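One structure is given below, encoded as structure tokens.
Naming convention: chains lettered A, B, ... in sequence-line order (proteins, then strands); numbering from 1 in each chain. In this text the structure is predicted, and so the values were computed from the model without any measurement.
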Amino acid sequence: MPELPEVEVVRRGLESWVTGRTVESAEVLHPRAIRRHPAGPDDFAARLTGRRLLAPRRRGKYLWVPLDDPPSSVIMQSIDEGSRDHGGEALLAHLGMSGQLLVGEPDQPFEKHLRVRITFTDGGLDLRFVDQRTFGHLMVDDLVADVFARTARTPVGTARTPAGRARTAADTARTIAAEHVGAECAGAERSVPEAIAHIAPDPLEDAFDEEVFFQALRRRHTGIKRALLDQSLISGVGNIYADEALWRSRLHWARPTETLTRAEVARVLTAAREVMGAALEVGGTSFDSLYVNVNGESGYFDRSLNAYGRQDEPCGRCGTPIRRDVFMNRSSYSCPTCQPRPRRPRL
DNA sequence: CGTCCTACCTGGAGGC
DNA sequence: TGCCTCCAGGTAGGAC
């Protein structure tokens, strides 16, 4: 179940394995995998063929690989069609529930759930999109200006660990975010794929504005977990890390957002950054073999989860058995003692 | 518009 | 052994 840390692990793998390489071919083996690419498989392949892949970017659970400028003949054709601007294009990916981006030897047999295969002109390792449950997808999309980009950004220097205290996982996460967002965007216009223009920044991004998030929560009439899972408010957080962040910040999933204080919002955000940063350090979370990095390896973070999947096991703080509630058609794990149910819960 | 619900998928686990 | 049901859950789109 790839959430932000798992997607970041994949982004890094792509960065080292495919950046700078030129696409030889793109083969769509299952049309559902590109269902959000409206022009269909042939157009998808045509837009990738011959293009060089630039450094991969990520927002929340979305990953994209900007493409260098297409040949001028393609530009002229698009201008004739009158439909596209030329702020650039990117290969956009969402892994859904079970998507994997794998690099491997081109002569390896096709995986059972191989959906898209991309080969390169250098004849080296190919890139495969494998997805059992087909909730993931790929598309080639136009890049547009990021409406969430902050005009007066926090200096990257804030990623430094304050003197006199131990370096925490949250510090690591902020440093990582500053490095990969800050460095790459210096001097360049910030852009995101059009299809995800509505996806809010994730809490490890510089573009994430804590006050904006707090004010949005105060205006909402819903529970905190619903809000954490709402990618238009905050991205990258899924069911696992939502439960972990709430456990760490001692907040119940049904706590009404309009009653949250600034301090509580700061607490849950810090918790989210810490837990996702710690997961990143060990290569992400995996429960089965469905989530893997580009080399097919699983992470180890499931050994460090405090709430998720731990029904009836003792809470690591107080020993009370962890409780499982069904809500939004999925499981929520919490400690009945550390995370008391609010008097007026919002389900 | 805000809020909430459901369809979309496959395969592993567990009941009988 | 086989057949059935449940479960995992991110997102778009629709209902209200």
Side-chain angles (χ1 to χ4, degrees), chain A residues 1-8 10 29-38 58-64 92-101 110-116 129-139 141 192-200 202 213 215-246 253-259 272 276 284-292 298 301-302 305 307-312 324-333 344-347:
Chain A
M1 302 139 218
E3 300 181 32
L4 188 156
E6 293 75 36
V7 178
E8 175 59 17
V10 173
L29 293 99
H30 194 310
R32 184 172 153 79
I34 58 141
R35 64 193 178 283
R36 294 194 65 197
H37 186 91
R58 181 187 57 71
R59 166 163 282 178
K61 304 169 199 170
Y62 283 93
L63 182 64
W64 67 96
L92 175 67
H94 193 291
L95 302 180
M97 284 291 296
S98 56
Q100 306 174 344
L101 283 166
F110 285 6
E111 291 80 359
K112 182 175 180 189
H113 301 295
L114 179 63
R115 309 304 188 193
V116 177
F129 180 61
V130 177
D131 189 13
Q132 180 203 107
R133 296 178 202 171
T134 72
F135 279 18
H137 63 89
L138 302 183
M139 69 186 291
D141 197 21
V192 296
E194 192 169 21
I196 65 160
H198 65 290
I199 300 292
D202 65 61
F213 180 60
Q215 295 297 342
L217 290 181
R218 296 295 304 229
R219 285 193 300 270
R220 283 281 172 122
H221 297 279
T222 191
I224 177 66
K225 184 166 176 183
R226 272 187 199 279
L228 288 174
L229 296 177
D230 184 338
Q231 307 293 302
S232 67
L233 294 177
I234 178 173
S235 68
V237 181
N239 201 41
I240 298 173
Y241 295 112
D243 278 4
E244 292 301 305
L246 290 169
W253 53 265
R255 175 69 184 277
T257 52
E258 65 268 34
T259 69
M276 293 197 292
T285 299
S286 183
F287 295 90
D288 47 38
S289 57
L290 281 184
Y291 163 69
V292 293
S298 292
F301 193 66
D302 53 310
L305 296 176
Y308 186 85
R310 301 225 179 271
Q311 182 177 15
D312 297 331
R324 173 178 177 266
D325 297 300
V326 175
F327 142 79
M328 290 175 81
N329 266 333
R330 64 202 64 194
S331 297
S332 281
Y333 300 89
R344 201 172 54 78
R346 280 203 181 271
L347 311 179

Check: Using 4.0 Å as the upper bound for N to carboxylate O, is an ion pair formed by A/D243 and A/K225?
Finding: yes
Note to self: In whole Å, I'd like the distance from the CZ atom of A/F129 to the C1' atom of B/dC9.
What the structure shows: 13 Å
Check: Are any non-hydrogen side-chain atoms of A/L29 and A/F110 less than 4.5 angstrom apart?
Finding: yes
Check: Which whole-number value in Å describes the distance from A/H137 NE2 to B/dC9 P?
Finding: 14 Å
Check: For the side chain of A/R220, counting heavy atoms from C-beta on, which of B/dT3, C/dC7, C/dT11 is nearest?
Finding: B/dT3
Check: Which class fits the ring pair A/H94 and A/H137: parallel under 30°, tilted 30 to 60°, perpendicular over 60°?
Finding: parallel
Notebook entry, point to check: For A/F327, which contact category applies under a 4.0 Å heavy-atom criterion: base, sugar-phosphate, or nothing?
Noted result: nothing
Note to self: Using heavy-atom distances to pick each residue's nearest nucleotide on DNA chain B, tell me which of A/R32 and A/H113 is more 5'.
What the structure shows: A/R32
Note to self: By nearest atom, which of the nucleotides B/dG11, B/dC5, C/dA8 is closest to the A/R226 side chain?
What the structure shows: B/dC5
Check: According to a strict under-4.0 Å criterion, is A/T222 in side-chain N/O contact with OP1 or OP2 of B/dG2?
Finding: no
Next item on the list: Report yes if the side chains of A/D202 and A/R58 come closer than 4.5 Å at any heavy-atom pair, otherwise no.
Entry: yes
Check: Under 4.0 Å between a side-chain N/O of A/S331 and OP1 or OP2 of C/dA8, yes or no?
Finding: yes
Item checked: d(CD, A/Q132; P, C/dG10) in whole Å -> 16 Å
Next item on the list: Calculate the interatomic distance between A/M328 atom CE and B/dC4 atom C1'; express it in whole Å.
Entry: 9 Å
Item checked: side chain to side chain contact (heavy atoms under 4.5 Å, CB included) partner of A/P256, the single match among A/R346, A/R220, A/H221 -> A/R346
Item checked: Atom-pair distance (CG on A/L233; P on C/dG10), nearest Å -> 15 Å
Notebook entry, point to check: Rounded to whole angstrom units, what separation is found between the CG atom of A/L228 and the P atom of C/dG10?
Noted result: 12 Å
Item checked: Given DNA chain C, 5'-ward residue of the pair A/F135 and A/I199, judged by closest heavy atom -> A/F135
Next item on the list: Give one of base, sugar-phosphate or nothing for A/R324, where a contact means two heavy atoms less than 4.0 Å apart.
Entry: sugar-phosphate
Item checked: Base of C/dA8 paired with side chain of A/R330 (donor-acceptor, under 3.5 Å) -> no
Next item on the list: Answer yes or no: does a side-chain N or O of A/K112 lie under 4.0 Å from OP1 or OP2 of B/dT10?
Entry: no
Note to self: What is the distance, to the nearest angstrom, from the CG atom on A/L229 to the C1' atom on C/dA8?
What the structure shows: 14 Å
Next item on the list: State, with a plain yes or no, whether a side-chain heavy atom of A/F129 is found less than 4.5 Å away from one of A/E111.
Entry: no
Note to self: Side-chain N or O of A/H198 versus OP1/OP2 of C/dA12: is the shortest distance under 4.0 Å?
What the structure shows: yes
Notebook entry, point to check: CD of A/E3 versus P of C/dA8: gap in Å, rounded?
Noted result: 14 Å
Next item on the list: Examine C/dT11: is either OP1 or OP2 under 4.0 Å from a nitrogen or oxygen in the side chain of A/H94? Give yes or no.
Entry: yes
Notebook entry, point to check: Between B/dT3, C/dT11, B/dT6, which nucleotide has the shortest distance from any of its atoms to the side chain of A/N329?
Noted result: B/dT6
